[in-house]
Amino acid sequence: MTDDALSRPPVHALLADGRTVRIRAVRRDDHDQLQGLYEEMSPENLRLRFFAASRRSAEMAADRACTAHPGYRALLAETEGQVIGLAEYDTGGEPDARTAEISIAVADGLHHRGVGTLLVEHLVSAARAAGITTFTADALCENHEVLRLFADLGLRTARRFEGPEVRCTIALDDSDTYLDAVEERGRAADVASMEPLLRPRTVAVVGAGRKPGSVGRAVLHQLRTGGYTGQLFAVNPAAHAILGVPCHPSVTALPRTPDLAVLAVPAPMVPETAEECGKAGVRALLVVTAGLDADQAKALLTACREHGMRLVGPNCLGLSNTDPALRLDATFAAGHPRPGTAGVAVQSGGVGIALLDGMSRLGIGVSSFASLGDKYDVSGNDMLQWWESDGRTDLALLHLESFGSPRAFSRTARRVTRRMPVLTVDAGRTEAGRRAAASHTAAAATRTMTRGALFTQAGITATRSVGELLEAAALLHSQPLPAGPRVLIVTNAGGAGVLAADACAEAGLTLPAPTPELIDELLAVLPEGAAVGNPVDATAAVSEGQLMDCVDRIVRHGGIDAVLVALVPTAVAAATGDDLVRALTGAPGHLAKPVAAVRLEQALPVELLPTTAGGAVPSYAEPQAAARALAHAARRAAWLARPAGTVPDLAGVETERAHAVVEAWLRTHEDGGWLDPRACAELLDCYGIPQLPWAWADTEDGAVLAAQRLHGADGRVVMKGHWPGLLHKTAEHAVHLDLRGDSQVRAAYRDLETRFAGLLTGVVVQPLADRGTELFAGVVQDQVFGPLVLFGLGGTATEILSDHAARLAPLTDHDVHDLITAPRCAPLLFGAGGARPVDLEGLEQLLLRLSRMASDLPQLAEADFNPVLATPGGVTVLDARVRLLPRRPQDPYLRRLR
């Protein structure tokens with residue numbers, strides 16, 4: 001063990017059966033427990049572990065684990081204070097070793113629960129951080145369990161048989177194969193841990209009051225009237241029964257240990273009640289109580305972790321599962337949620353009530369609901385994995401004000417959203433909204449651009465309000481996805497058609513003109529006077545049958561992806577008994593393209609109109625709502641149609657050298673800061689990032705010599721002043737452009753030296769760059785979301801114009817393409833106005849290398865390349881700034897509870 005290993009805080013994680021274990025470094029005082037771990041093993045397991053049974057094996061193994069020596073690390077797993085597993089690696093003490101030998105031990109009776117695998121995953125993460133690239137392990141050929149463990153890790157494993165033994169060599173690659181395997185193990189464990197929360201066989205409401213008005217009594221009432229099929233108890237020392245439910249004085253006095261305990265006690269009582277529940281064997285807590293202070297919050301979470309209880313809340317509305325076999329409604333909402341297929345998870349109870357009401361009103365209903373409140377434990381990521389596995393959910397709705405592990409959430413969402421639509425309200429977009437989110441949930445605020453990048457890359461449908469979310473959910477639930485953004489509008493009133501056309505264009509949809517063939521088909525079925533363009537004006541005289549025929553022919557046309565039907569009630573239809581809405585709801589149920597209606601007189605913002613074929617057609621009161629929903633559906637279809645991106649391999653990257661540059665600089669700058677030009681250039685060179693030639697000078701004569709060496713064919717150079725902390729050279733007037741000859745170079749140096757006396761440490765001299773498009777590329781290391789890569793228009797106006805796009809690193813090939821095409825300046829890069837396009841491949845390489853640098857170096861807090869000069873002949877960084885902070889690397893995909 002090393003002091004660094006001992007300084008790392010313990011973490012909690014889930015085993016395969018959903019139970020919680022604590023993983024930490026071994027300490028010297030663990031000796032007796034570790035010796036006991038081995039002494040309690042059967043002789044057969046001792047033989048498999050040590051290749052021979054010896055009375056001293058247990059003591060020697062404990063001695064080794066508790067004795068610090070270079071290149072050795074030991075992690076143990078414990079539950080309820082009892083050690084149940086140990087994993088070790090040892091490099092043999094060789095400096096800069098890249099290979100370590102690994103060994104694993106798991107307590108008898110606890111095999112096949114994932115203890116060893118979980119420990120190895122944490123050991124792999126620690127080894128990678130220490131620069132180790134390979135594990136080796138010796139095992140007896142008959143030790144099938146440990147051999148299967150190595151084979152199932154998801155890492156490349158080679159075996160070499162030597163008599164009765166086998167030598168395993170495990171490459172610690174950071175590959176998607178390994179991440180997928182870790183993710184799948186985590187998903188299975190997470191779902192198992194959620195069973196006591198969402199499928200409890202016994203529930204106890206702790207704090208149910210005898211008088212109406214208490215939250216606990218309201219939850220008990222909902223459980224009872226909702227028809228909960230399991231055993232239900234109340235805990236109140238002053239009552240024998242409440243609402244007809246048996247009441248007991250304490251959790252320990254209950255005749256049966258509940259799977260789920262609902263805590264509705266005053267905040268000061270929450271920690272001790274949680275501890276009581278944990279000691280009694282309760283598996284999960286739902287804490288609706290609000291107002292916990294920091295100490296109470298810490299004590300609550302500690303009790304949950306120490307006793308292996310999952311936690312929803314505190315400060316929440318509750319949770320429900322509408323499965324007919326369970327009918328769990330542990331909320332204090334006014335009514336019961338309608339059973340259905342939408343999973344709903346929110347942080348705000350008020351938003352939760354709105355979404356439950358909306359889903360019920362639309363007829364979609366809810367499969368399960370969780371109000372996460374202050375979200376100490378169970379998160380949106382947990383709920384996504386539950387819905388993925390529950391066999392009932394086909395639509396996921398989220399309202400999250402904060403993210404605990406965004407990169408893990410992103411991987412989960414990318415997988416889940418390929419199976420079902422995942423929709424969210426993008427809360428906290430404005431500065432005021434972010435302040436509200438922080439004060440409401442005590443969570444760190446997140447920037448709009450960062451959240452947008454997360455949602456876009458994960459395929460999540462992000463809406464701007466609860467109303468817009470319901471609009472999109474109605475269409476995604478009831479209609480097939482469009483193949484593209486091409487919409488044809490049909491209306492019985494020209495004005496309504498114009499409004500719908502404007503709404504579609506504003507939403508980013510396209511309105512193609514009908515082909516001659518389609519025009520002929522439609523004119524043949526529509527009444528005289530109809531105008532077949534886009535919109536199609538069917539006139540007020542259109543009958544129910546004509547409208548149905550018209551929509552059917554449009555749907556079957558290959559050049560249209562969706563149909564928007566804008567209808568207004570007319571006296572003509574009333575007089576003839578035609579019901580134009582029935583033209584949509586009575587249409588064949590096998591329509592392969594989405595159809596949406598707009599009815600300007602509709603009272604509700606969105607409705608689902610039942611069809612005769614058993615489906616539904618979404619109907620909107622405003623054309624903007626219908627257009628937004630169709631646009632969301634088109635974007636989802638495009639995301640699904642695109643193959644998953646890959647992170648390309650990059651030639652000429654020197655990661656170890658980059659780490660050495662960073663570590664050397666931080667040794668002399670313990671608090672971090674902005675790199676000087678020489679260190680910055682060396683770091684960029686490690687990643688093959690092209691830079692304009694430059695030279696450093698700290699004297700007037702040195703500047704002249706640099707200019708003579710660097711000037712271009714026309715003899716012109718640029719001089720930039722430098723001192724620690726200088727960020728915006730142009731704003732400080734610390735730049736001289738277009739210098740010609742020695743005299744101008746000398747004058748420029750003397751000017752900087754005079755104006756910035758006491759600050760200036762030197763100058764950077766560069767040749768004057770050619771003309772081209774000035775761009776910006778940069779990265780910000782968000783402590784929650786990780787590195788965010790930004791790209792857009794550069795130069796001195798970059799902050800004023802704010803023409804930037806962003807994606808979270810590591811960038812895939814698709815992400816880079818999206819970054820380049822997203823900004824408004826993109827046409828300039830592709831040769832607008834007949835100009836030659838810039839070096840797009842070079843631009844992609846720049847962004848990929850910047851992404852790689854940010855992903856490799858957790859100490860990289862910011863990087864700012866502005867301007868980046870893009871021309872048909874190449875891409876070059878003209879000015880670069882990099883800021884480092886002393887940070888430890890963290891594995892965002894390591895399995896652990898928050």
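These figures come from a predicted structure and were not determined experimentally.
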What distance separates [X] [atom1] from [Y] [atom2], expressed to the nearest 0.5 Å?
| X | Y | atom1 | atom2 | result |
| --- | --- | --- | --- | --- |
| Leu118 | Ile23 | CG | CD1 | 3.5 Å |
| Leu604 | Leu470 | CG | CG | 11.0 Å |
| Asp180 | Arg187 | CG | CZ | 12.5 Å |
| Cys304 | Leu311 | SG | CG | 4.5 Å |
| Asp390 | Met383 | CG | CE | 8.5 Å |
| Glu862 | Gln781 | CD | CD | 10.5 Å |

List for me each residue that meets salt bridge (charged side-chain N to carboxylate O under 4.0 Å, His left out) alongside [X], sequence neighbours excluded, and say none if there are none.
| X | result |
| --- | --- |
| Glu388 | Arg415, Arg419 |
| Arg361 | none |
| Arg807 | none |
| Asp815 | none |

Is a side-chain donor or acceptor of [X] paired with a backbone partner of [Y] at a separation under 3.5 angstrom?
| X | Y | answer |
| --- | --- | --- |
| Ser389 | Gln385 | yes |
| Ser410 | Pro406 | no |
| Thr393 | Leu395 | no |
| Arg327 | Pro324 | yes |
| Tyr228 | Asp329 | no |
| His632 | Glu468 | no |
| Thr225 | His221 | yes |
| Asp357 | Ala354 | no |
| Ser193 | Asp190 | yes |

Solution key, residues 265-280 side-chain donor-acceptor pairs under 3.5 Å, sequence neighbours excluded:
unit_1: Thr273; atom_1: OG1; unit_2: Met269; atom_2: O; d: 2.6
unit_1: Glu275; atom_1: OE1; unit_2: His307; atom_2: NE2; d: 3.4
unit_1: Glu275; atom_1: OE2; unit_2: His307; atom_2: NE2; d: 2.9
unit_1: Glu276; atom_1: OE2; unit_2: Val251; atom_2: N; d: 3.2

Show me the donor-acceptor pairs, under 3.5 Å and distance only, between side chains in residues 230-246 and residues at least two apart or in other chains.
unit_1: Gln231; atom_1: OE1; unit_2: Arg256; atom_2: NH1; d: 2.8
unit_1: Asn236; atom_1: OD1; unit_2: Ala238; atom_2: N; d: 2.8
unit_1: Asn236; atom_1: ND2; unit_2: Ala208; atom_2: O; d: 2.8

Q: Sequence neighbours left out, what passes ring pair (Phe, Tyr, Trp, His ring centres under 6.0 Å) with Phe332? Give chain and number order.
A: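 Partners of Phe332 by the ring pair (Phe, Tyr, Trp, His ring centres under 6.0 Å) criterion come out as none, since no residue qualifies.
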Q. Can you list every pair that meets side-chain hydrogen bond (donor to acceptor under 3.5 Å, both in side chains) and has a residue in residues 316-325, with sequence neighbours left out?
A.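 Listed by first then second residue: Asn321-Arg392, Thr322-Arg392.
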**Q.** Residue pairs, two or more places apart or on separate chains, that pass side-chain hydrogen bond (donor to acceptor under 3.5 Å, both in side chains) and touch residues 294-303
**A.**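 Listed once each, the pairs would be none.
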(Q) Around atom CZ of Arg418, are there more than 12 heavy atoms from other residues, nucleotides or ligands closer than 6.0 Å? (A)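 Yes, because the 6.0 Å sphere around CZ of Arg418 holds more than 12 heavy atoms from other groups.
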Q: Check each of Arg199, Arg283, Arg201 against Asp259 using the salt bridge (Lys or Arg N to Asp or Glu O under 4.0 Å) test, and report the only one that passes.
A: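 The passing option is Arg201.
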List in chain and number order the residues that pass side-chain contact (heavy atoms from CB on, under 4.5 Å) with [X], two or more places apart in sequence or in another chain; answer none if no residue qualifies.
| X | result |
| --- | --- |
| Ala462 | Thr424, Phe455 |
| Arg407 | Pro787, Pro892, Tyr893 |
| Ala631 | Ala507, Leu509, Arg635 |

**Q.** Pairwise side-chain contact, Tyr376 with Val312, heavy-atom cut-off 4.5 Å (strictly under)
**A.**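 The answer is no; the side chains never approach within 4.5 Å.
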Q: Kindly indicate whether the side chain of Phe369, heavy atoms from C-beta on, has any atom under 4.5 Å from the side chain of Thr331.
A: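 Heavy-atom side-chain distance check passes, below 4.5 Å.
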(Q) Is a donor from one side chain sitting under 3.5 angstrom from an acceptor on the other, for His399 and Ser348? (A)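 Per modelled atom types, His399 and Ser348 side chains form no pair under 3.5 Å.
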